[in-house]
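Comments concern the structure below.
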Amino acid sequence: MPRKQPKKRGPVEISENVENFPAAGKKVKVATKAPDEEEEEISHWLMKSEPESRFENGIDVKFGVEDLKECPDQTACWDGVRNYQARNFLRDKMKKGHQVFFYHSNTKQPGICAICEVAKEGYVDHTQFDPKDPHYDKEEPRWYMVDVKFRRMTQRYIPLAELKALHGQHKQSGGALRDLSLFTRARLSVQPISQEEWDFILSLETTPAKFEYLKAYR
DNA sequence: GCCAACGTTGGC
DNA sequence: GCCAACGTTGGC
């Protein structure tokens, strides 16, 4: 199933896990993030999933948008996330109706292919208790998931290469994608998207891809 | 398939 | 609390 920073420093919005860990007393590194991002109520997200077969502990973790479409009610639980920052978004921040970019990762041309929405808010990811699951984790409820419902394909595929080229430009110009999490927190599988970023990326749908963007940065 | 970046673990 | 070793992600 789904497998699945800006400049000024401030306290982290979540710092991980201290009270959730029975093995407390452990030191926990505290990430930091921009205060303005912290204060903004996030209502848009990007979630990564792999559209091609890949086996983890003998189990295929493939889950592309076509798989989502085939689910009952075109809705799936987003299980398997095992990263604390992503977990905290799933558990605390993602609300019903929030809009989500469905992103294909670990594929030839990674990029945004569809729009979904949060259909059910954070609840315990049951797969952590299944010893056969590739993401088995016997600890007390530690991992969370949301349900995601397919809404529509984007009008065109928006490749990572294009976003990356734009991100490069916007870092100079102060444009909408200057801090895009895809590049500032590359390894997060559940990422916050600001309203400004959401609107800009949506506007790309109806803007033909500029070929040079796709070649730049390669 | 490679490997850089980064998250996690654990010794001290 | 530091940091080296290790594991994972994910673009290329």
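Convention: sequence-line order gives letters A, B, ...; per-chain numbering from 1.
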Checking C:dG10, B:dG7, C:dC12 against the side chain of A:Lys164 (C-beta onward), the nearest is C:dC12

Is the NZ or CZ atom of A:Lys132 both under 6.0 Å from the centre of the six-membered ring of A:Tyr136 and within 45° of that ring's axis? no

So, A:Arg152 and A:Glu117, do they make that salt bridge, N to O below 4.0 Å? no

Heavy-atom nearest nucleotide on DNA chain B taken for A:Asn106 and for A:Asn83; more 5' hit belongs to A:Asn106

(Q) Can you confirm whether more than 12 heavy atoms, excluding those of A:Lys96, are under 6.0 Å from its NZ atom? (A) no

A:Leu188 CG to C:dT8 P, in whole Å, measures 17 Å

Closest of C:dG11, B:dT8, C:dG10 to the A:Pro110 side chain is C:dG11

Check whether any side-chain nitrogen or oxygen of A:Tyr103 sits under 4.0 Å from OP1 or OP2 of C:dG11, and answer yes or no. yes

When rounded to whole Å, the NE2 to P distance for the pair A:His135 and C:dG7 reads 17 Å

Rounded to whole Å, CG of A:Asn57 lies from P of C:dT8 at a distance of 9 Å

A:Tyr157 meets the side-chain hydrogen bond (donor to acceptor under 3.5 Å, both in side chains) criterion, sequence neighbours left out, with none

Atom CZ of A:Phe63 and atom C1' of C:dG10 are separated, to the nearest Å, by 19 Å

A:Arg185 atom CZ is separated from C:dG11 atom C1', nearest whole Å, by 19 Å

Taken to the nearest whole Å, CZ/A:Phe55 to P/C:dT8 is 18 Å

In whole angstroms, the gap separating P of C:dC12 from NZ of A:Lys108 amounts to 14 Å

Rounded to whole Å, CD of A:Glu162 lies from P of C:dG11 at a distance of 16 Å

